[in-house]
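What follows is one structure encoded as structure tokens, with my remarks underneath.
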Amino acid sequence: MKIATYNVNSINARMPVLLRWLEETQPDVACLQELKAPQENFPEQALLDAGYNAIWHGQKSWNGVAILTRNRNITEVRRALPGDEEDTHSRYIEAVVDGVTIACLYLPNGNPAPGPKFDYKLAWLDRFKAHAAQLLATGKPVILTGDYNIIPTGADVYKPERWVDDALFRPESREAFQNLLAQGWTDAIRHLYPTETIYTFWDYFRNAYGRDAGLRIDHFLLSPDLVPQLEAAGVDKHVRGWEKSSDHGPVWIRLKD
DNA sequence: ATGGCGTATTTAATACGA
């Protein structure tokens, strides 16, 4: 099973690129973030025509997450992160796909930090850690994937000193990510590529992609039983170079069926 | 250190992203 995550930065603006990438790489599951579309303005039929079933949770203007599947059994479990009834952001959707629980998340950016947006990010992380612990305790296979908006270490950013005050790289954010790993999750990309320079995001500004001035902020966390099944992982970096690309590139893993 | 780009909405100018 090949599972991908892709922050599309507006699904409707990204459809030509998204369809081209799906056709080219044929993931069995694709988790999407930043749909930037209300629930009723999601291109369901075009995706069905491309062979993909979709569940999604949209929102006007911002956020929005979806899980696409190709020839797989999918059952939605929830479309909100537990722990705060007042939270209106569409940032989380969870489903079981052929027996594997897949969580698709779009973690808050948190800038500027400090401030209310950073507080929201840290509160969201607390809720996410609590829910992740519950999922882990089920003992079932689980994948937590999406745009974490966290640069885990200095090896995951082209110039760490420029990012020390940024919400993506502040100690609180890095610590929260390490706390997740300490629960027992495995960072799939780092597991297979412990020392390589791997980025998943390149700013639209300053020719960041051309200079390879990137960040690694889109991640796959695997429950322990899935780690021996991890066959391969990577970033479809070339997609970032296409016309009208998102500022993120798609990231994927392949598990033994 | 700043601002650069891309997308959405209240279609002009602002908010937001990372």
Side-chain angles (χ1 to χ4, degrees), chain A residues 5-21 31-43 56-66 87-92 104-122 124-125 128 145-174 176-177 189 197-219 235 237 239-251:
Chain A
T5 184
Y6 187 18
N7 178 323
V8 292
N9 184 14
S10 169
I11 190 160
N12 288 304
R14 210 63 56 216
M15 277 306 271
V17 164
L18 177 62
L19 292 174
R20 180 180 171 193
W21 167 72
C31 297
L32 308 181
Q33 303 86 33
E34 272 209 271
L35 304 179
K36 287 188 170 177
Q39 186 68 14
E40 63 276 14
N41 194 13
F42 180 92
W56 71 95
H57 191 197
Q59 184 175 342
K60 189 179 171 185
S61 307
W62 301 302
N63 311 317
V65 286
D87 185 1
T88 56
H89 293 204
S90 296
R91 295 181 175 275
Y92 188 89
C104 170
L105 60 119
Y106 174 45
L107 228 140
N109 174 307
N111 278 305
K117 291 188 175 180
F118 192 55
D119 294 341
Y120 174 63
K121 177 178 197 161
L122 296 181
W124 206 96
L125 272 162
F128 184 58
T145 189
D147 178 358
Y148 280 68
N149 269 317
I150 295 177
I151 301 165
T153 75
D156 299 307
V157 49
Y158 65 101
K159 207 169 263 196
E161 64 273 20
R162 287 252 178 109
W163 290 81
V164 287
D165 293 326
D166 192 281
L168 279 64
F169 195 53
R170 298 258 308 191
E172 299 94 324
S173 305
R174 279 181 275 165
F177 193 81
I189 289 278
T197 295
I198 296 174
Y199 301 137
T200 67
F201 167 91
W202 297 263
D203 211 303
Y204 284 123
F205 309 149
R206 293 164 263 146
N207 188 33
Y209 180 65
R211 297 186 296 119
D212 199 26
L215 315 174
R216 191 173 75 94
I217 54 176
D218 301 272
H219 308 297
V235 180
K237 185 177 175 180
V239 174
R240 177 63 181 83
W242 289 352
E243 286 294 312
K244 303 287 285 177
S245 165
S246 168
D247 40 7
H248 294 249
V251 189

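Naming convention: chains lettered A, B, ... in sequence-line order (proteins, then strands); numbering from 1 in each chain.
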Reckon [X] touches a base, only the sugar-phosphate, or nothing at all at heavy-atom distances under 4.0 Å?
| X | result |
| --- | --- |
| A:Tyr106 | sugar-phosphate |
| A:Asn7 | sugar-phosphate |
| A:Asn63 | nothing |

Original post:
Given that A:Asp166 and A:Arg206 both sit by DNA chain B, which one's nearest nucleotide is further toward the 5' end?
Top reply: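 On the 5' side of the pair lies A:Arg206.
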
Separation between the [atom1] atoms of [N] and [M], rounded to whole Å:
| N | M | atom1 | answer |
| --- | --- | --- | --- |
| B:dA18 | B:dT2 | C1' | 16 Å |
| B:dT7 | B:dA12 | C1' | 15 Å |
| B:dC16 | B:dG3 | C1' | 16 Å |
| B:dA1 | B:dA13 | C1' | 25 Å |
| B:dG6 | B:dT11 | P | 23 Å |

**OP:** When you get a sec, tell me which of B:dG4, B:dA18, B:dG17 is the closest nucleotide to the side chain of A:Arg91?
**Re:**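 For A:Arg91, the side-chain atoms sit closest to B:dG17.
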
**OP:** Fit a plane to each ring of A:Phe177 and A:His219, take the angle between them on a 0 to 90° scale, and name the class: parallel (under 30°), tilted (30 to 60°) or perpendicular (over 60°).
**Re:**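 Ring orientation, 0 to 90° scale: tilted.
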
**OP:** Please determine if a side-chain N or O atom of A:Asn149 lies less than 4.0 Å away from the OP1 or OP2 oxygen of B:dA18.
**Re:**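 Answer yes for this pair, as a side-chain N or O of A:Asn149 is under 4.0 Å from OP1 or OP2.
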
**OP:** Tell me whether the OP1 or OP2 atom of B:dG17 has a side-chain N or O from A:His248 closer than 4.0 Å.
**Re:**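 Answer no for this pair, as no side-chain N or O of A:His248 is under 4.0 Å from OP1 or OP2.
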
Original post:
So, the side chain of A:Asn12 versus the backbone of A:Asn41: is there a donor-acceptor pair under 3.5 Å, distance only?
Top reply: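 Looks like yes, one N/O pair under 3.5 Å.
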
**OP:** Kindly label the base of B:dT11 as syn or anti, based on whether its glycosidic torsion lies within 90° of 0.
**Re:**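 In terms of base orientation relative to the sugar, B:dT11 is syn.
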
Subject >> Contact state string [nucleotides 6-15 of chain B, B base, S sugar-phosphate only, - no protein heavy atom under 4.0 Å] >> reply: BSSSS-----

**OP:** Show your reasoning for whether side chain to side chain contact (heavy atoms under 4.5 Å, CB included) applies to A:Trp202 and A:Asp212.
**Re:** CA-CA 7 Å; A:Trp202 297 263; A:Asp212 199 26; 2.9 Å; yes

**OP:** Mind running side chain to side chain contact (heavy atoms under 4.5 Å, CB included) on A:Leu215 and A:Trp163 for me, showing each step along the way?
**Re:** CA-CA 10 Å; A:Leu215 315 174; A:Trp163 290 81; 3.8 Å; yes

Subject >> Least distance between heavy atoms, A:Tyr92 atom then A:His57 atom >> reply: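 Minimum heavy-atom contact is O-ND1, 4.5 Å.
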
Please report the distance, rounded to the nearest Å, between [atom1] in [X] and [atom2] in [N].
| X | N | atom1 | atom2 | result |
| --- | --- | --- | --- | --- |
| A:Arg211 | B:dC5 | CZ | C1' | 13 Å |
| A:Arg162 | B:dG4 | CZ | C1' | 13 Å |
| A:Arg174 | B:dA18 | CZ | P | 18 Å |

Original post:
Is it true that A:Arg174 and A:Asp156 have a side-chain N and a carboxylate O under 4.0 angstrom from each other?
Top reply: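 A salt bridge is absent here (no side-chain N lies under 4.0 Å from a carboxylate O).
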
Subject >> A:Arg14 and A:Asn9, any side-chain heavy atoms less than 4.5 Å apart >> reply: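 Result yes, sub-4.5 Å side-chain heavy-atom pair found.
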
